[in-house]
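Everything on this sheet refers to the single structure shown next.
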Amino acid sequence: MTIMKEKFAKFMAGRYGTDRLNQFMLIVLLVCAVINMFIRNGYVSILLTSWEILLIVFIYIRMFSRNITKRYAENQKYLTVENKVRHFFGQKKYIQQQRKDYHIYSCPNCKQKIRIPKGKGKVSVRCPKCGTEFVKNS
């Protein structure tokens with residue numbers, strides 16, 4: 001058993017291995033495979049099967065590649081996109097959590113979002129960004 005581990009470790013020396021982009025492609029591959037199990041349409045099934053094969057090839061090419069700098073750059077590009085998406089949805093989640101205790105208004109001038117506590121009646125709101133004042137119900 002240890003001989004196989006040593007041989008595999010020797011084979012993988014100098015190769016890129018796996019990263020977040022490969023993990024994401026593997027998840028997409030599994031989703032395509034599950035969807036393909038339930039699809040009865042021939043054209044859609046062929047399309048999904050071709051996507052699965054293509055993803056498997058890309059995953060193995062990236063995993064066994066010796067061009068580590070290029071694979072690292074690809075992963076960094078993926079991580080920047082992933083972080084933008086996570087930030088977008090995290091911001092939406094945060095706003096939804098704040099709606100329990102606050103009204104969230106947009107400034108009519110600069111569109112800056114402003115939080116006002118609920119239950120204070122009519123309130124004069126001053127935008128911290130542009131200084132515009134407007135009246136809103138809280």
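- Using a 4.5 Å cut-off on side-chain heavy atoms (C-beta onward), Lys122 and Lys136 make no contact.
- Pairs passing the side-chain hydrogen bond (donor to acceptor under 3.5 Å, both in side chains) check and including a residue from residues 2-16, sequence neighbours excluded, read Tyr16-Asp19.
- Counting only residues at least two apart or on different chains, the ring pair (Phe, Tyr, Trp, His ring centres under 6.0 Å) pairs with a member in residues 55-74 are Phe11-Phe64, Tyr60-Phe64.
- By the side chain to side chain contact (heavy atoms under 4.5 Å, CB included) test, Lys77 pairs with no residue at all, sequence neighbours left out.
- Apart from Val135 itself, the hydrophobic cluster it occupies contains nothing, where clustering links Ile, Leu, Val, Met, Phe, Trp and Tyr at side-chain heavy-atom distances under 4.5 Å.
- With sequence neighbours excluded, the residues that form a side chain to side chain contact (heavy atoms under 4.5 Å, CB included) with Glu133 are Ser124, Arg126.
- For the residue pair Phe134 and Ser106, the shortest heavy atom distance occurs at CZ-O, 4.2 Å.
- Other residues, nucleotides and ligands contribute over 12 non-hydrogen atoms within 6.0 Å of the NZ atom of Lys118.
- Think of Ile95 as one node in a network of Ile, Leu, Val, Met, Phe, Trp and Tyr side chains linked at under 4.5 Å; its network also takes in Ile104.
- Considering only residues two or more places apart in sequence or on other chains, Ser65 meets the side chain to side chain contact (heavy atoms under 4.5 Å, CB included) condition with Asn67, Arg71.
- For residues 104-126, every residue pair satisfying the ring pair (Phe, Tyr, Trp, His ring centres under 6.0 Å) rule, not counting sequence neighbours, is listed here: His103-Tyr105.
- With values rounded to the nearest 0.5 angstrom, Ile116 atom CD1 is found 13.5 Å from Asp101 atom CG.
- Hydrophobic clustering places Leu21 together with Leu54 (ILVMFWY residues linked when any side-chain heavy atoms are closer than 4.5 Å, directly or through intermediates).
- In the hydrophobic clustering, where aliphatic and aromatic side chains (Ile, Leu, Val, Met, Phe, Trp, Tyr) are joined below 4.5 Å either directly or transitively, Phe38 groups with Val34, Met37.
- In the hydrophobic clustering of this structure, Ile56 groups with Val28; members are Ile, Leu, Val, Met, Phe, Trp, Tyr whose side-chain heavy atoms approach within less than 4.5 Å, directly or through other members.
- Under the salt bridge (charged side-chain N to carboxylate O under 4.0 Å, His left out) criterion, the residue pairs touching residues 79-96 are Arg20-Glu82, Glu82-Arg86, with sequence neighbours excluded.
- The closest side-chain heavy-atom distance from Asn22 to Met63 is below 4.5 Å.
- Tyr78 is listed as a side-chain neighbour of Asn75, based on a closest heavy-atom distance under 4.5 Å.
- With contacts defined as side-chain heavy-atom distances shorter than 4.5 Å, the pair Ile114/Cys107 qualifies.
- The line from SG of Cys127 to NZ of Lys113 is 13.0 Å long, rounded to the nearest 0.5 Å.
- Taken together through direct or relayed side-chain contacts under 4.5 Å among Ile, Leu, Val, Met, Phe, Trp and Tyr, Leu55 and Ile53 form parts of separate hydrophobic clusters.
- Put simply, CD on Gln23 and CD1 on Ile59 are 10.0 Å apart, with the number rounded to the nearest 0.5 Å.
- Residue pairs meeting the side-chain hydrogen bond (donor to acceptor under 3.5 Å, both in side chains) criterion with at least one partner in residues 43-53, sequence neighbours excluded, are Asn36-Ser45, Asn36-Thr49, Asn36-Glu52.
- Take Ile35 and apply the side chain to side chain contact (heavy atoms under 4.5 Å, CB included) test, not counting sequence neighbours, and it matches Val31, Ile39, Leu48.
- Between the NZ atom of Lys111 and the SG atom of Cys130 there is a distance of 10.0 Å, given to the nearest 0.5 Å.
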